[in-house]
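Step one of this worksheet: look at the structure below.
Every heavy atom of this structure was used, including side-chain atoms; hydrogens, water molecules and symmetry mates were not. Note that this is a predicted model, so its numbers are computed, not measured. Here is how names work: the chains are called A, B, and so on, in the same order as the sequence lines, proteins then strands, and each is numbered from 1.
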Amino acid sequence: MRLTRYFLPVLKENPAEAQIVSHRYMLRAGMIKQQAAGIYSWLPLGYRVLRRIEQIVHEEQQKAGHIPLLMPTLQPADLWRESGRYDDYGEEMLRITDRHKRDMLYGPTNEEMITDIFRAHVESYKQLPLTLYHIQWKFRDEVRPRFGVMRGREFLMKDGYNFDLTYEDAIHAYNRHMVSYLRTYERMGLQAIPMRAASGPIGGDNTHEFLVLASTGESEVFYDSAITSLKFGDRVVDFDDRAECAKIVEEWTTPYARTDETHDVALFHEIPAERQKTSRGIEVGQIFYFGTKYSEPMGATVVTPDGNRVPVHMGSHGIGVSRLLGAIIEASHDDKGIIWPEGVTPFPVGIVNLKQGDGAADAACEAIEKALLAKGLEPLYDDRDERAGAKFATMDLIGLPWRITVGPRGLAAGKVELTSRRTGESEEMSPEAAVARIAEIYAGV
RNA sequence: CGGAGUGUAGCGCAGUCUGGUAGCGCACCUGCUUCGGGAGCAGGGGGUCGGAGGUUCGAAUCCUCUCACUCCGACCA
């Protein structure tokens, strides 16, 4: 992508309303524009990252055997009257009346609707287990939206729902979700720690929240520092293998890690003192097992092998997709701007032409762009007629993890410069070598 | 929902107390110079001052009402 043909409205100064670093950088990097309290337009750069994150979530869900579908944002109130939540949910639910005076709502979550789909089409235990999910916009009319996309009213969320015959099956679904979430966050360059949590209005007994440690987090968390050295890595998982999933879950849930809601001081102090850590955390996901809470009142039942009809065991599992952008930036930035992990970066690499209009520099940049595109990597080529400093500042702000700098001086010696955004370290090499290096880096992402 | 603030050009702000033709920096446009870490000079364009009503010869400025947004706290993916 040529920057002169792109739409990247970067700001030099900090917008007054943005208090935390992720919000500031998202506004300054031209990723989002606020339209109302807690409601944002996603500008091209932000949209690219959002789609990347969504993509990773989709891939990891489907690896775990979960099936995508798409439910609407608007839902009929009657479904929610069945579960009893229409009255329970309170002011956070945005209620709408259509022209026929029917009560509607903008979905804050989808347990009722997915249960309705299930009960309409599933009759037998033979159709189980089943896990359906979607990535869709939600609306929760927060009293006080803040921190940009971290606490918006409208937000993009992956929510998945498992339907199982027995408690044991449902617990395997729970474990499967935990494993898939661990992989998902790690691919995004995040360390999200599963912590025992309280269940809240969704209900249920078994629940973990995934928290990213960051000083701007809204939750206070307590953990054993041993958990932060756990890595999922590139291990291959058979998601149908119950013992394997359970073992991984055990690995991640044995070290103490809890939010303030479930914190147990006595247990916490059993950890060696030097490993007792307190921090703030950003909640980026949550998994629940809630049994028959919805299936029973809403009649989501299946016929068992012995001919009885029983309500299915369910759980729900959410990842805050739009919030993740904020969380990633909170966890990965410096005083110059964002530092995207390779997994979610909007562009894999930036090309900076130090002397736009110089025949050799222009030709070299174009050749590098073409070579990268041929490898399926789309660079952002800063072809503006700007000074070097301005181009560097823009690249640093928008946080592309790699930068290829091309100038007449280096070209005279057949060299360009490859710079890591994270370390700031540069290395001179031929254009071909730089392209090869970028391809190598992204081969494993 | 309790408390505190803010709305003036795309962004950051001054001007409001003490009413008198709406300003500054950045950004934008034109020209010249400059060119490896947000350049310099010269010229230029852009705002019915959140909205409505009122007071006044005259309102960004005073009064009333209203809308929006932000921050702190309590609540939440």
Side-chain angles (χ1 to χ4, degrees), chain A residues 9-20 23-24 27-28 30 33-39 57 89-93 107-110 135-160 181 192 197-202 207-212 217-219 259-261 281-288 316-327 336-337 352-358 361 382 384-397 403 405-411 415-417 419 424 426 428:
Chain A
V10 299
L11 303 175
K12 222 164 169 179
E13 286 172 281
N14 282 321
E17 75 270 18
Q19 295 302 309
I20 64 167
H23 191 194
R24 273 205 305 272
L27 290 167
R28 286 195 49 204
K33 179 183 186 312
Q34 180 168 340
Q35 305 291 169
I39 300 177
V57 172
Y89 220 93
E91 295 283 307
E92 256 190 34
M93 180 187 279
T109 176
N110 284 64
I135 298 179
Q136 177 63 290
W137 293 94
K138 306 290 188 289
F139 196 92
R140 294 184 193 174
D141 200 355
E142 299 279 345
V143 193
R144 192 181 157 211
R146 63 187 117 170
F147 303 151
V149 300
M150 299 265 282
R151 178 155 301 284
R153 290 193 293 171
E154 188 184 52
F155 58 97
L156 189 61
M157 179 168 126
K158 171 260 161 179
D159 46 320
Y181 277 26
S199 64
I202 299 196
T207 176
H208 280 84
E209 287 180 346
F210 290 78
L211 287 107
V212 174
E218 294 186 82
S219 321
T259 65
D260 50 359
E261 292 167 325
I282 300 166
E283 192 190 330
V284 293
Q286 187 159 15
I287 57 177
F288 292 98
S316 76
H317 319 276
I319 292 180
V321 173
S322 49
R323 172 179 285 184
L324 272 167
L325 274 89
K336 292 181 188 149
V352 167
N353 185 342
L354 290 174
K355 199 169 176 74
Q356 205 68 42
D358 176 273
D382 189 344
R384 295 175 300 170
D385 187 17
E386 287 283 350
R387 297 161 67 91
K391 293 191 177 189
F392 291 145
T394 299
M395 281 295 172
D396 288 346
L397 175 63
R403 184 182 85 207
T405 309
V406 180
R409 210 162 70 196
L411 282 176
K415 304 282 190 187
V416 297
E417 207 173 80
T419 306
S426 290
E428 292 204 334

#### Entry: d(CG, Leu27(A); C1', rC69(B)) in whole Å
13 Å
### Query
Taking atom P of rU70(B) as reference, at what distance in whole Å does atom CZ of Phe147(A) sit?
12 Å
### Query
Should rA39(B) form a Watson-Crick or G-U wobble pair with both distances under 3.5 Å, which nucleotide is its partner?
rU33(B)
### Query
Taking the same atom, C1', in rG51(B) and in rU8(B), what whole-Å distance lies between them?
14 Å
### Query
Whom does rU70(B) pair with, Watson-Crick or G-U wobble, provided both distances fall under 3.5 Å?
rA4(B)
### Nucleotide rG36(B), atom P - distance to CD of Glu428(A) in whole Å
15 Å
### Message
Let's see if you can work this out: which of rG36(B), rA74(B), rC69(B) has an atom nearest to the side-chain heavy atoms of Ala37(A)?
### Response
rC69(B)
### Task
Take atom CD of Glu91(A) as the centre, draw a 6.0 Å sphere, and report whether it contains more than 12 heavy atoms from other residues, nucleotides or ligands.
no
### Query
Can you name the residues that form a side-chain hydrogen bond (donor to acceptor under 3.5 Å, both in side chains) with Arg403(A), not counting sequence neighbours?
Thr405(A)
### Gap between atoms CG and P, on Asp382(A) and rG36(B) respectively (whole Å)
15 Å
### Query
Is the phosphate of rC69(B), meaning OP1 or OP2, less than 4.0 Å from a side-chain N or O of Arg144(A)?
no
#### Entry: Rounded P spacing from rC1(B) to rU64(B) in Å
23 Å
#### Entry: Under 3.5 Å: donor-acceptor pair, side chain of Thr207(A), backbone of Ile287(A)
yes
### Task
Applying side-chain hydrogen bond (donor to acceptor under 3.5 Å, both in side chains), name anything that partners Lys391(A), two or more places apart in sequence or on another chain.
Gln356(A)
### Task
Please state how far atom CD in Glu142(A) lies from atom P in rC72(B), giving the value in whole angstrom units.
15 Å
Please tabulate the protein-to-nucleotide N/O contacts below 3.5 Å involving nucleotides 37-39 of chain B, giving atom names and distances.
unit_1, atom_1, unit_2, atom_2, d
rG37(B), O6, Arg403(A), NH1, 3.2
rG37(B), O6, Arg403(A), NH2, 3.3
rG37(B), N1, Asp396(A), OD2, 3.0
rG37(B), N2, Asp396(A), OD2, 2.2
rG38(B), O2', Lys12(A), NZ, 3.1
rG38(B), O6, Arg28(A), NH2, 2.9
rG38(B), N2, Thr394(A), OG1, 3.4
rA39(B), OP2, Arg387(A), NE, 3.3
rA39(B), N9, Arg387(A), NH1, 3.4

#### Entry: Gap in Å between the two C1' atoms, one belonging to rC24(B) and one to rG5(B), rounded
24 Å
### Atom-to-atom span, CZ of Arg24(A) to P of rC11(B) - whole angstrom
18 Å
### Query
When the distance from CD of Glu13(A) to P of rA9(B) is rounded to whole Å, what number comes out?
14 Å
### Task
Write down the distance between CD1 (Ile20(A)) and C1' (rC71(B)), rounded to a whole number of angstrom.
13 Å
### Query
So does Gln34(A) get a side-chain nitrogen or oxygen closer than 4.0 Å to the phosphate oxygens (OP1/OP2) of rA68(B)?
no
